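Reviewing the structure listed below.
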Amino acid sequence: MPNELQPPRGTHDLIGEDQRRHQHVIDTARRIAALYGFDEWSTPLFEDTRVFSRTLGETSDVVTKEMYSFQDRGGDAITLRPEATAGICRALVTNGLTQSLPQKVFCAGPMFRYERPQKGRYRQFHQIDVELIGSAEPLADAEVIACGWEILKALGVAGDTVLEINTLGDAESRQDYRGALVGYFSKHHAALSADSQSRLERNPLRILDSKDERDRTIVANAPTIAGFLTEPAAKFYARLQTYLDRFGVPFRENPRIVRGLDYYGHTAFEFVTSKLGAQGTVMGGGRYDGLVEEMGGPPTPAVGWAAGIERLAMLLPDPPRVPAPVAVVPVGEAAEAVSLNVLQALRHAGIRAEIAYRGNLRRRMERANRIGARAAVVIGDDDIAEGVAQVKDLASGEQVAVALADLPHRLR
RNA sequence: GCGGGCAUAGCUCAGCUGGUAGAGCGCCAGGUUGUGGUCCUGGAUGUCACGGGUUCGAGUCCCGUUGCUCGCCCCA
């Protein structure tokens, strides 16, 4: 469109089928999360910048380059939420709910990240989110994952999706492993890609999920965390797998799944599809026992996941259908008054019903067809005299006279 | 922030080595002033993304810009 008015980069309008797909994802997730005992929370779309920067580290790229941050008119530093978890943890603390654990939270809505759009990746995007705060047991991890799996199944996308799990261990395991990795990659420094050479300085774990071919062969022989797990950490991971089996969630281990920040530990997982190119993660999460404390609350264990609604929406096997309406078609001005009564009676009976605002019979029938009506209720003067309407099935073309009072019942 | 591809009607696209813009679908009207879908006939619609350059002449070639798209970086 050669127009000066365009939506900002990375934003998009949800209209028609796009909106129906989007809404179907939310409705399905909300319904299933409720079965698992999760309550829906709505937290602000923007927060004090510190809600996010405090837990991310002031200097990381994420904070300096990829958040939508600004000063409001009162001079406060504000950030549009880039994810749901931090705001939920803030709400947990400010509402005193650390006294009422565990809390099981479902959340859905827009998130904002200032980054380059790609397939299924936008600047304003939408997520569904599940957090279980206040349990340190691996059963909690398994339940959170099982809930996600059931949502993917209900959406019809589970067939192309596989759950990959890993453990990041506890703090001691992680520290030992990190040291071993730095030692290993330092020996291969010259053979690493330039990106990974700088990762070695900043965030060595990230080398493990590098997409570079040269890195991959080196990574393949790198030590895994398995050899560095403390006994409690190894036991936690083993119990998680047992519980996943009991919940009937298939999985495979992927020791290359990592997390960048220190408050993550133990469980890390991703549901991955091969159908979205480079952006294959459709749902991801893990355990973040350190986050609530960094937010200023008491030490509180927690586990959760988030999933991008846009990605799930484009994977839906079939577009959600609009319920077919009934079209009320008056013939002549006198019939309009009766038709409006019929129209409202149908709506009050829970039937989606529409009336064209103008046009002769033919145009109104065309209109009825175009909006996908399943039936047309044609009402003319002679019908009114007999107290009936002509109900035409628009699929079969059959038409029968129905008493006006019976219409809601007959069209249900 | 970096790299590749793309940009023509509401949509999907055609337009050869430069010669003043096309199709299908959709839309509007008629065939049918009380019956839609299929069919027939007619009609409207474009700053060829934007700006500059080369040329007698640019949708077409060159440069720049913007947007879209795929990927990299990043991924809370």
Side-chain angles (χ1 to χ4, degrees), chain A residues 1-12 16 47 51-57 60-67 79 81-89 111-122 125 127 129 193-196 198-199 202-203 205-206 209-212 215 257-264 268 270 276-281 284-286 288 291 294-295 304-306 308 327 329-332 335 356 359-384 389-399:
Chain A
M1 203 50 164
N3 196 316
E4 65 278 13
L5 281 183
Q6 293 183 319
R9 177 193 288 261
T11 66
H12 57 154
E47 296 268 2
V51 169
F52 307 110
S53 62
R54 185 179 288 176
T55 53
L56 290 169
S60 67
D61 273 16
V62 165
V63 172
T64 57
K65 287 173 25 184
E66 296 181 17
M67 296 201 315
T79 294
R81 65 181 187 190
E83 51 118 11
T85 310
I88 287 170
C89 290
M111 309 290 164
F112 305 85
R113 297 182 187 182
Y114 192 84
E115 59 189 355
R116 196 68 180 265
Q118 288 176 45
K119 193 180 190 66
R121 188 173 183 180
Y122 305 94
F125 60 104
Q127 286 187 331
D129 191 270
S193 67
D195 280 334
S196 285
S198 73
R199 287 189 187 106
R202 307 188 328 268
N203 201 346
L205 286 180
R206 281 287 169 202
D209 59 6
S210 169
K211 289 168 183 165
D212 190 288
D215 294 341
I257 293 177
V258 296
R259 292 288 180 266
L261 298 164
D262 286 339
Y263 55 72
Y264 287 107
E270 295 179 357
L276 281 180
Q279 304 300 324
T281 299
Y288 51 96
L291 179 61
E294 288 197 34
M295 194 75 65
W305 54 250
V329 181
V331 183
N360 58 25
L361 178 57
R362 177 188 157 144
R363 310 243 333 120
R364 288 173 190 251
M365 289 300 288
E366 276 179 358
R367 162 85 185 160
N369 192 59
R370 189 161 54 231
I371 65 175
R374 61 184 214 263
V377 178
V378 182
I379 304 173
D381 292 342
D382 42 352
D383 297 308
I384 293 171
Q390 304 298 324
V391 175
K392 182 168 189 174
D393 183 311
L394 289 179
S396 68
E398 287 173 34
Q399 182 167 309

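No hydrogens, no waters, no symmetry mates; every other heavy atom, side chains included, goes into these values. Since we're looking at a predicted model, the values are computed, not measured.
Rounded to whole Å, the C1' atom of B:rA44 lies 24 Å from the corresponding atom of B:rG36. One P atom belongs to B:rG18, the other to B:rC62, and the distance between them is 11 Å to the nearest Å. Comparing B:rC61 with B:rG19, their P atoms are spaced 11 Å from each other, to the whole Å. Using C1' as the reference atom, B:rG46 and B:rC27 are 15 Å apart when rounded to the nearest Å. To the nearest whole angstrom, the two C1' atoms, one in B:rU45 and one in B:rA21, are 13 Å apart. Going from the P atom of B:rG15 to that of B:rA23 covers 15 Å, rounded to whole Å. With both ends at atom P, the span from B:rA58 to B:rC39 equals 42 Å, rounded to whole Å. Taking atom P in both B:rC2 and B:rC13, the straight-line distance is 29 Å, to the nearest Å.
Residue-level contact check: A:Gly397 touches the bases, meaning some heavy atom is under 4.0 Å from a base atom. Within 4.0 Å of A:Asp383, counting heavy atoms only, lies at least one base atom of the nucleic acid. As judged by a 4.0 angstrom heavy-atom cut-off over every strand, A:Asp129 is placed among residues making no nucleic acid contact. Nucleic acid contact class of A:Ala395 (heavy atoms, under 4.0 Å, all strands): base.
Taking all atoms of both residues into account, the shortest heavy-atom contact from A:Leu394 to A:Ala373 is CD1-O, 3.5 Å. The minimum heavy-atom distance between A:Ala84 and A:Met111, with the atom names listed, is CB-CE, 3.5 Å.
Looking at residues two or more places apart in sequence or on another chain, you find no salt bridge (charged side-chain N to carboxylate O under 4.0 Å, His left out) involving A:Glu83. Contacts of A:Glu115 classified as side-chain hydrogen bond (donor to acceptor under 3.5 Å, both in side chains), with partners at least two apart in sequence or in another chain: A:Arg121. Residues satisfying the salt bridge (charged side-chain N to carboxylate O under 4.0 Å, His left out) test with A:Arg199, not counting sequence neighbours, are none.
Checking each of A:Arg370, A:Arg364, A:Arg362 against A:Glu366 for a salt bridge (charged side-chain N to carboxylate O under 4.0 Å, His left out) leaves exactly one that passes, namely A:Arg362.
Summary of the strand contacts: A:Arg363 and A:Val331 both lie near RNA chain B, and taking for each the nucleotide with the nearest heavy atom, the more 5' one is attributed to A:Arg363.
Computed from coordinates, the A:Met365 CE to B:rG36 C1' distance equals 5 Å when rounded to whole Å. Taking atom CD of A:Glu366 as the reference point, atom C1' of B:rG37 lies 10 Å away to the nearest angstrom. Straight-line distance from the CD atom of A:Gln390 to the C1' atom of B:rG36: 15 Å, rounded to whole Å. Here the C1' atom of nucleotide B:rG37 and the CD1 atom of A:Ile371 are 14 Å apart, to the nearest Å.
Using modelled atom types, one finds no donor on one side chain facing an acceptor on the other under 3.5 Å when comparing A:Arg206 with A:Ser210. Side chain to side chain, A:Gln390 and A:Asp383 meet the donor-acceptor criterion of an N or O pair below 3.5 Å. Using modelled atom types and a 3.5 Å distance limit, the side chains of A:Thr281 and A:Glu270 yield a donor-acceptor pair.
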Revision key, fill the gap. Whether each nucleotide of nucleotides 69-76 of chain B has a protein heavy atom under 4.0 Å at its base (B), only at its sugar-phosphate (S) or at neither (-) is summarised, 5' to 3', as BSBBBBBB
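Counting non-hydrogen atoms of neighbouring residues, nucleotides and ligands closer than 6.0 angstrom, the CG atom of A:Asp262 reaches no more than 12 such neighbours.
A donor-acceptor contact shorter than 3.5 Å is absent between the side chain of A:Ser196 and the backbone of A:Ser193.
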**Study point:** Which nucleotides of RNA chain B pair, in dot-bracket form (Watson-Crick or G-U under 3.5 Å, | meaning another strand)
**Key:** (((((((..((((.....[..)))).(((((.......))))).....(((((..]....))))))))))))....
Could you write out each protein N or O paired with an N or O of nucleotides 38-43 of chain B at a distance under 3.5 Å?
none

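With hydrogens and angles ignored, no donor-acceptor pair under 3.5 angstrom links the side chain of A:Asn369 to the base of B:rG37.
Put simply, the side chain of A:Asp212 does not reach to within 4.5 Å of the side chain of A:Asp195, judged on heavy atoms.
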